[in-house]
Amino acid sequence: MEKEDNKKRILYSEIVGSRKNYNMCWIDEYKMMREEIVNYMDKQQTLRDMLYVAMAACIVFVFSDDVPFLAMLLPLLFILPAYVCASNYWICVRKASAYLVVFHECYVDCPFHWEIRHGLCEKYNPKVEKETFQRSTFFNIYIQLSLYYMFAFVTMILYIIRLYTQIVESIAVDPSVFWLEVRIDGFPVWFYIMAGISMIGVMIFAFVKLSMGPSYQEFLERFLQAREQEESELKNKGMNIEY
């Protein structure tokens with residue numbers, strides 16, 4: 001961990017100390033990139049609002065006998081693709097932020113330094129913004145993405161509760177019926193048990209697989225390498241141009 005922290009601080013020092021003169025003509029690009037970050041965050045908020053609607057519908061299903069039992073799993077069909085989009089938006093935010101640090105805020109006379117200071121604050125408080133530097137949003141859940149895990153969990157809990165209630169009610173009507181012989185909407189109870197287990201497995205696999213993505217630290221290193229390569233190519237052509 002200490003080696004990682006040292007590497008991170010060396011990288012920031014390399015970025016900040018490597019550039020001096022900022023071209024004020026680039027302010028428009030900086031503002032454009034900031035607007036892009038805000039746009040990604042707005043899209044994340046829209047997805048979260050839609051999640052609340054999906055979960056409200058799931059709760060209605062729990063207390064309604066007018067819909068097929070399997071309809072309780074429908075929210076999962078929205079939660080998964082919504083999570084894919086939200087995770088991708090957050091990766092795009094990381095990428096845009098790292099770009100601003102390497103190609104804009106590293107200049108001493110750049111009028112903007114929010115992104116780089118936001119990253120450096122972790123140096124003074126190890127408990128702040130840990131996710132910024134780790135590889136996967138799954139192993140250090142960003143608070144906005146945690147809603148997708150929570151809603152999937154709540155959906156499955158409600159599914160299990162209603163399935164148990166249906167079995168208990170059926171046995172109460174006919175005590176001679178073994179619980180595995182109970183039928184719901186024409187299907188045996190084991191069918192719903194297998195459907196629930198299958199959906200849990202699919203969601204866990206999908207969350208783990210789709211949560212993996214480049215960290216903020218990795219984007220910083222990639223952009224730094226790209227900048228150095230561009231500068232090297234310009235020098236080989238006999239040009240001395242500041243980015």
Side-chain angles (χ1 to χ4, degrees), residues 39-94 130-131 134-215:
N39 183 43
Y40 286 134
M41 291 182 172
D42 288 340
K43 289 180 179 178
Q44 285 183 331
Q45 181 61 50
T46 300
L47 284 172
R48 289 196 300 274
D49 293 341
M50 295 173 68
L51 265 182
Y52 296 138
V53 174
M55 290 308 301
C58 181
I59 294 174
V60 171
F61 289 148
V62 172
F63 299 102
S64 176
D65 296 325
D66 300 329
V67 295
F69 189 88
L70 282 177
M72 287 198 63
L73 296 178
L74 287 178
L76 297 179
L77 300 181
F78 169 77
I79 291 173
L80 184 56
Y83 175 79
V84 173
C85 294
S87 181
N88 182 66
Y89 290 151
W90 182 237
I91 290 174
C92 289
V93 168
R94 293 173 177 168
K130 276 288 187 181
E131 192 276 336
Q134 295 197 8
R135 178 173 182 79
S136 170
T137 58
F138 181 78
F139 292 108
N140 195 345
I141 301 173
Y142 181 55
I143 186 63
Q144 296 185 22
L145 295 181
S146 65
L147 289 173
Y148 296 87
Y149 302 107
M150 182 185 72
F151 285 161
F153 176 76
V154 170
T155 298
M156 293 310 305
I157 290 296
L158 294 177
Y159 178 84
I160 293 171
I161 291 174
R162 188 179 178 192
L163 181 60
Y164 175 79
T165 302
Q166 291 274 22
I167 294 174
V168 171
E169 290 177 352
S170 297
I171 294 177
V173 173
D174 186 1
S176 64
V177 176
F178 183 57
W179 70 273
L180 280 176
E181 298 175 348
V182 172
R183 301 184 72 85
I184 303 173
D185 296 336
F187 294 95
V189 71
W190 60 263
F191 170 80
Y192 295 99
I193 295 175
M194 293 303 298
I197 293 174
S198 299
M199 287 304 299
I200 290 174
V202 168
M203 296 301 291
I204 292 176
F205 174 81
F207 280 144
V208 172
K209 191 72 175 177
L210 297 173
S211 68
M212 301 299 179
S215 68

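Small disclaimer: the values here were computed from a predicted structure and weren't measured.
- By the 4.5 Å heavy-atom criterion applied to side chains, Leu74 and Leu77 are counted as neighbours.
- Residue-environment remark: CE (Met50) stays at or below the threshold of 12 foreign heavy atoms within 6.0 Å.
- For the pair Asn88 and Tyr40, the minimum side-chain heavy-atom distance is 4.5 Å or more.
- To the nearest 0.5 angstrom, Tyr83 atom OH is 12.0 Å from Leu147 atom CG.
- Within the 4.5 Å cutoff, no side-chain heavy atoms of Ile184 are placed close to those of Phe191.
- Scanning for side chain to side chain contact (heavy atoms under 4.5 Å, CB included) contacts around Leu80 gives Met203, Ala206, Leu210, with sequence neighbours left out.
- Residues Thr155 and Pro75 come closest through the heavy atom pair OG1-CB, 4.1 Å.
- Atom OH of residue Tyr192 and atom CZ of residue Arg183 lie 9.0 Å apart, to the nearest 0.5 angstrom.
- Between the CD1 atom in Ile157 and the CE atom in Met150 there is a gap of 13.0 Å [rounded to 0.5 Å].
- Leu158 has its side chain within reach of Met72: a pair of non-hydrogen atoms, C-beta onward, lies under 4.5 Å apart.
- Using a 4.5 Å heavy-atom threshold, the side chains of Leu70 and Tyr159 count as touching.
- Across every non-hydrogen atom of Leu76 and Pro81, the tightest pair is O-CD, 4.4 Å.
- Nearest heavy-atom pair across Ala82 and Leu47 is O-CD1, 3.6 Å.
- Atom NZ of Lys43 sits about 4.5 Å away from atom OH of Tyr89, to the nearest 0.5 Å.
- In Tyr52, the OH atom is crowded: over 12 heavy atoms of neighbouring residues, nucleotides or ligands sit closer than 6.0 Å.
- When side chains are defined from C-beta on, Ile79 counts as touching Phe207, because their heavy atoms get closer than 4.5 Å.
- Side chains of Ile171 and Ile167 form a contact here, defined as non-hydrogen atoms less than 4.5 Å apart.
- Atom CD1 of Ile200 and atom CD1 of Ile197 lie 7.0 Å apart (nearest 0.5 Å).
- Distance check, rounded to the nearest 0.5 Å: CD1 of Ile193 to CD1 of Ile160 gives 10.0 Å.
- Taking 4.5 Å as the limit, every side-chain heavy atom of Gln166 sits out of range of all side-chain heavy atoms of Val189.
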